[in-house]
**Q** 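One structure, pasted below without further comment.
Just so it is clear, the structure is predicted and the values come from calculations on it, not from any experiment.
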Amino acid sequence: MTRRFLFVLGSARSDGNTELLARLAAEQLPPDVEQQWIDLAAHPLPDFEDLRHDSDHARPTEGPAALLLDATLAATDLVIASPLYWYSMSAQTKRYLDYWSGWLRTPGLDFKATMAGRTLWGVTALAHEEREVADPLVGTLNNSAAYMGMRFGGVLLGNGSKPGDVRKDDAALARAKTFFALDTAAPLARFLHEAR
């Protein structure tokens, strides 16, 4: 299967540090790797409605949910690009992951089986020098990948608060050049309690 990257942008600010870092990393991908970028602020999802005990979810046929579902299913590699907001991911990004719960229960979709073996990546910018404050975001992505049977490529962390600040983070810029290395497969994700 040809590699196809979906970049899901979850910032409340366009052209922020997280998007900048994600785009710098994406520039390193070979030209034959397809890229699709979806900004959740431009394609807002309504609040997720949990119907699992009431009825099945119907496959969306229009609007942001249909766009994101189709793009997610088509991706071999899914990149969640969310700034660190209150030590976790943005509300838009969390809402997108909440929709996965509905897609898991959509008849005929086989969402979990389809996503198994694909790779989940993360990119985030944070205002702290201490990278450990991003552990809740990293844990959410890792555990989501583990539940889905996906591979986890890790999270590219960059430091920046004001627009463009991440360009001053030399370590992040250097890591961005090799973050999406495609010569070896990312490991299958494991729940954090299994990794101990």
Side-chain angles (χ1 to χ4, degrees), residues 2-29 31 33-51 57-104 106 109 111 114-115 118-127 134 136-138 140-141 144-145 148 150 153 155-167 169 172 176 179-180:
T2 303
R3 298 294 284 270
R4 181 180 173 91
F5 275 67
L6 170 62
F7 292 83
V8 177
L9 303 176
S11 179
R13 173 171 53 197
S14 61
D15 301 320
N17 288 301
T18 296
E19 181 178 349
L20 176 61
L21 190 57
R23 290 194 182 276
L24 289 171
E27 287 175 4
Q28 310 307 313
L29 290 169
V33 173
E34 295 180 51
Q35 297 181 32
Q36 182 176 9
W37 294 75
I38 298 179
D39 185 343
L40 294 174
H43 302 281
L45 290 164
D47 286 339
F48 175 69
E49 185 179 2
D50 187 354
L51 302 173
H57 286 263
R59 183 181 182 129
T61 57
E62 59 185 27
L67 171 72
L68 283 158
L69 173 59
D70 292 342
T72 301
L73 291 172
T76 60
D77 295 79
L78 176 61
V79 183
I80 302 292
S82 171
L84 190 71
Y85 288 156
W86 286 102
Y87 310 103
S88 188
M89 61 184 58
S90 69
Q92 301 96 307
T93 306
K94 176 61 170 65
R95 184 176 296 122
Y96 165 67
L97 289 180
D98 286 346
Y99 268 74
W100 286 23
S101 297
W103 298 341
L104 284 167
T106 301
L109 205 55
F111 185 67
T114 301
M115 297 306 291
R118 298 184 185 191
T119 305
L120 182 64
W121 309 81
V123 179
T124 191
L126 57 150
L137 181 146
V138 175
T140 296
L141 294 179
S144 297
M148 298 294 289
M150 298 176 74
V155 177
L156 175 60
L157 299 170
N159 183 269
S161 181
K162 292 185 294 190
D165 272 357
V166 76
R167 290 188 185 278
D169 186 341
F179 185 61
F180 296 127

**Q** Can you check whether Asn159's main-chain N or O pairs, donor with acceptor, with Asp169's side chain at less than 3.5 Å?
**A** yes
**Q** On a heavy-atom basis, which atom in Tyr99 and which in Asp47 lie closest, and how many Å separate them?
**A** OH-O, 3.8 Å
**Q** Is Asn17 reaching over with its side chain to a backbone N or O of Val166, donor-acceptor style, under 3.5 angstrom?
**A** yes
**Q** Walk me through it: do Leu69 and Leu109 pass the test side-chain contact (heavy atoms from CB on, under 4.5 Å)?
**A** CA-CA 10 Å; Leu69 173 59; Leu109 205 55; 3.9 Å; yes
**Q** Kindly check if the number of other-residue, nucleotide or ligand heavy atoms within 6.0 Å of CZ (Arg95) is above 12?
**A** yes
**Q** Go through the structure and list residues passing side-chain contact (heavy atoms from CB on, under 4.5 Å) with Leu126, not counting sequence neighbours.
**A** Leu84, Thr124, His128, Val133, Leu157
**Q** To check you understand the geometry: which heavy-atom pair defines the closest contact between Gln92 and Leu40, and what is its length?
**A** O-CD1, 3.5 Å
**Q** Sub-3.5 Å donor-acceptor pair from the side chain of Thr106 to the main-chain atoms of Gly102, do we have one?
**A** yes
**Q** With distance as the sole test, does Arg118 use its side chain to make a donor-acceptor pair with the main-chain N or O of Ala75 at under 3.5 Å?
**A** yes
**Q** Nearest 0.5 Å, please: how far is CG in Asp15 from CG in Leu9?
**A** 9.5 Å
**Q** Counting N and O atoms only, with roles assigned by atom type, does the side chain of Ser90 sit under 3.5 Å from a partner on the main chain of Gly10, one being a donor and the other an acceptor?
**A** yes
**Q** Between Met89 and Thr93, what is the shortest heavy-atom contact and its length?
**A** SD-CG2, 3.6 Å
**Q** Checking ring pair (Phe, Tyr, Trp, His ring centres under 6.0 Å) against Phe5, which of Phe180, Trp37, Phe179 comes through?
**A** Phe180
**Q** Decide yes or no on side-chain contact (heavy atoms from CB on, under 4.5 Å) for Val8 and Leu78, but give the supporting numbers first.
**A** CA-CA 8 Å; Val8 177; Leu78 176 61; 3.8 Å; yes
**Q** So if I apply the side-chain contact (heavy atoms from CB on, under 4.5 Å) rule between Asp77 and each of Arg3, Glu34, Arg4, which one comes out positive?
**A** Arg3
**Q** Identify the two heavy atoms, one from Leu120 and one from Ala145, that lie closest to each other, and give their separation to 0.1 Å.
**A** CD2-CB, 3.9 Å
**Q** Quick one: do Met148 and Phe111 satisfy side-chain contact (heavy atoms from CB on, under 4.5 Å)? Show the steps, please.
**A** CA-CA 9 Å; Met148 298 294 289; Phe111 185 67; 3.4 Å; yes
**Q** Quick one: closest heavy-atom pair of Thr119 and Gly153, and the distance?
**A** CG2-N, 3.9 Å
**Q** Any chance the side chains of Thr72 and Tyr96 put a donor and an acceptor closer than 3.5 Å?
**A** yes
**Q** Trp103: what forms a side-chain hydrogen bond (donor to acceptor under 3.5 Å, both in side chains) with it, not counting sequence neighbours?
**A** none
**Q** Between Arg23 and Glu27, does any NZ, NE, NH1 or NH2 come within less than 4.0 Å of an OD or OE carboxylate oxygen?
**A** no
**Q** Determine the minimum heavy-atom distance between Ala41 and Asp39, stating which atoms define it.
**A** N-OD1, 2.9 Å
